[in-house]
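Single-structure report; data block below.
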Amino acid sequence: MSLSVKDLTVTYGSTVALDSVDLTIATGERFAIMGSSGSGKSSLLRAIAGIVPSTGSVIIDGVDVSQLPTHQRPIGLMFQDYALFPHMNVVDNVAYGLRMQGIGRAERLARARELLDLVGLADFESRDAGALSGGEQQRVALARTLAPEPSVVMFDEPLGSLDFALRESLLGQIRQIVGNLGTTSIYVTHDRGEAFAFSDRMAVLVDGAVARVGSPQEVWRNPETVTVARLIGHPNILPEGLGTGGPVSLPLEAVSHAEGGSHSGVVVDATFTDGRYLVTVSLDGSNDRLTFLTNDRLTIESSVDLAVDETQTIPLTL
Ligand code: ADP
Ligand code: MG
């Protein structure tokens with residue numbers, strides 16, 4: 001099912017948490033919303049789910065659900081704090097939402113078992129949820145969120161409390177499972193890596209407003225503003241350009257070590273990574289730094305010359 005929001009606004013007292021957001025997410029699309037803490041990500045999800053009051057509209061497959069209470073919206077929402085019932089067994093936890101929908105016991109259990117199979121926890125159904133590891137609990141929460149077959153499933157920083165390796169593997173599993181089910185999904189995170197890895201398309205939220213929307217490739221190649229370029233981790237953002245002109249971003253590949261090159265500076269950092277050196281040079285006569293990859297082993301504090309391929313310059317606005 002497709003989802004669109006129009007002019008969606010959330011205020012808490014005098015704080016405007018979400019400022020007239022318009023977004024359209026296609027059926028089956030995996031959509032990420034990335035933004036720093038306080039940018040309005042959770043407020044957006046809560047407004048879509050109807051948990052906080054908002055103005056504007058929320059439309060699911062052409063039907064305006066803005067006036068419906070939360071439980072009548074065909075939406076699943078999964079949080080970082082997944083709130084399983086610790087003394088209830090795994091299969092009953094997954095079936096819980098179905099019970100609330102008035103589905104009979106046999107059908108609930110069959111459906112819950114299907115979902116446990118999907119998340120790879122078929123053998124865990126009789127265990128108490130409280131006796132599982134963090135990653136296992138998170139997969140139970142995923143199964144519980146998906147069991148009622150929501151039209152749209154939303155994830156609010158679901159992996160924040162897990163260690164790095166587990167985050168990566170669970171993100172891949174969530175992505176694959178919602179992809180196989182064809183469920184329209186929204187994944188909210190402050191982590192650009194997660195947003196890029198999860199999404200078919202993404203939006204970058206800044207101060208409650210959408211600053212950029214597009215495929216990960218489009219957003220990476222043309223972030224449009226200095227703020228978005230910083231948020232998504234561009235390595236070389238020069239607020240005043242290279243000496244003249246407006247702000248630009250230079251990809252790693254646009255900069256190279258070349259004695260006699262047009263720019264010179266001092267090496268301030270060099271780390272060996274993936275078979276090459278990631279080097280940062282502080283340019284002479286400015287506060288700007290350039291980071292690039294090279295095969296050359298450059299010594300910290302040494303003076304070097306750099307060549308810049310200005311055809312790769314990405315123009316930005318402030
Ligand atoms: P995010 O999820 O991106 O961190 P939130 O949507 O939680 O952002 O918050 C957006 C803004 O709204 C922040 O300035 C936050 O302090 C404020 N805010 C969030 N929830 C409340 C609330 N219940 N009452 C007052 N202000 C809130
Ligand atoms: Mg949040």
Side-chain angles (χ1 to χ4, degrees), residues 3-25 30-58 65-66 69-71 73 75-84 134 137-138 141-142 144-145 150 152-164 166-168 170-171 174-175 178 184-199 201-214 216 219 223-233:
L3 170 81
S4 57
V5 303
K6 292 207 173 81
D7 199 17
L8 199 63
T9 298
V10 174
T11 53
Y12 306 103
S14 59
T15 305
V16 181
L18 199 66
D19 189 4
S20 189
V21 165
D22 292 313
L23 278 177
T24 295
I25 300 169
R30 289 171 291 206
F31 196 88
I33 292 168
M34 198 228 131
S36 47
S37 176
S39 60
K41 304 182 298 296
S42 294
S43 298
L44 172 58
L45 294 196
R46 290 191 198 117
I48 292 170
I51 301 168
V52 294
S54 59
T55 58
S57 43
V58 178
V65 300
S66 314
T70 300
H71 68 274
R73 300 188 187 193
I75 287 171
L77 178 56
M78 181 169 144
F79 302 95
Q80 178 179 326
D81 158 19
Y82 19 85
L84 299 175
Q137 290 192 22
Q138 197 55 300
L142 176 64
R144 185 178 63 177
T145 307
V152 178
V153 61
M154 307 195 291
F155 303 95
D156 193 350
E157 311 222 30
L159 308 178
S161 57
L162 304 171
D163 68 58
F164 178 77
L166 200 51
R167 283 209 306 268
E168 210 171 38
L170 270 174
L171 178 70
I174 294 175
R175 182 175 200 284
V178 296
T184 307
S185 53
I186 305 181
Y187 188 100
V188 156
T189 178
H190 68 278
D191 184 304
R192 60 188 185 239
E194 286 184 14
F196 282 121
F198 179 81
S199 68
R201 277 196 317 137
M202 61 188 282
V204 180
L205 213 54
V206 177
D207 292 338
V210 174
R212 184 77 175 94
V213 58
V219 173
E224 291 180 353
T225 65
V226 168
T227 307
V228 173
R230 286 210 171 102
L231 283 170
I232 63 173

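Counting starts at 1 for both ligands and their atoms, following the listed order.
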Task: Backbone or side-chain N/O/S of Ser42 under 2.8 Å of the Mg ion (ligand 2) - done: yes
TODO: Run the contact test for Gly35 against ligand 1 with a 4.0 Å cut-off on heavy atoms, strictly below, and give the result.
DONE: no
- [ ] Could you go through the side-chain contact (heavy atoms from CB on, under 4.5 Å) check for Leu8 and Ile48 one step at a time?
- [x] CA-CA 9 Å; Leu8 199 63; Ile48 292 170; 4.3 Å; yes
Task: Gap separating the CE atom of Met78 from the OG atom of Ser185, nearest 0.5 angstrom - done: 12.0 Å
TODO: Using a strict 4.0 Å cut-off to heavy atoms of Ser37, name the atoms of ligand 1 that fall inside it.
DONE: 4 (O)
Task: Backbone or side-chain N or O of Arg46 under 3.5 Å from ligand 1 N or O - done: no
Task: Under 4.0 Å to a heavy atom of Ala17 - the qualifying atoms of ligand 1, by number - done: 10 (C), 11 (C), 12 (O)
Open item on the list: Determine whether any protein heavy atom is located less than 4.0 Å from atom 13 (C) of ligand 1.
Closed with: yes
Open item on the list: Given 3.5 Å as the limit, does a donor-acceptor pair link the side chain of Glu194 with the main chain of Leu171, or not?
Closed with: no
Open item on the list: Quick test: of every protein heavy atom, which one is nearest to atom 8 (O) of ligand 1, and how far off is it to 0.1 Å?
Closed with: Gly40 N, 3.2 Å
Task: Distance flag for atom 16 (O) of ligand 1, protein heavy atom under 4.0 Å - done: no
Task: Which atom of Ile75 lies closest to which atom of Ala49, heavy atoms considered - done: CD1-CA, 4.3 Å
Task: Asp19, CG atom: more than 12 neighbouring heavy atoms under 6.0 Å - done: yes
Open item on the list: Using 30° and 60° as the class boundaries, would you call the ring planes of Phe198 and Phe155 parallel, tilted or perpendicular?
Closed with: perpendicular
Open item on the list: Using a 3.5 Å distance criterion without hydrogens, assess whether the side chain of Arg175 forms a donor-acceptor pair with backbone atoms of Ala197.
Closed with: yes
Open item on the list: Suppose we measure from atom 10 (C) of ligand 1 to each protein heavy atom; which comes out shortest, and what is that distance?
Closed with: Gly38 O, 3.5 Å
TODO: Could you establish whether Ser36 and ligand 1 come within less than 4.0 Å of each other, counting only heavy atoms on the residue side?
DONE: yes
TODO: Provide, to 0.1 Å, the distance between atom 27 (C) of ligand 1 and the closest protein heavy atom, together with that atom's residue and name.
DONE: Tyr12 CD1, 3.3 Å
Open item on the list: side-chain contact (heavy atoms from CB on, under 4.5 Å), that's the test. Do Ile186 and Leu3 meet it? Break it down for me.
Closed with: CA-CA 10 Å; Ile186 305 181; Leu3 170 81; 3.4 Å; yes
Task: Heavy-atom closest contact (Ala209 atom, Val21 atom, distance) - done: CA-CG2, 4.4 Å
Task: Closest approach of any protein heavy atom to atom 7 (O) of ligand 1, naming residue and atom - done: Ser42 CB, 3.8 Å
- [ ] Return the residue, atom name and 0.1 Å-rounded distance of the protein heavy atom closest to atom 6 (O) of ligand 1.
- [x] Ser43 OG, 2.5 Å
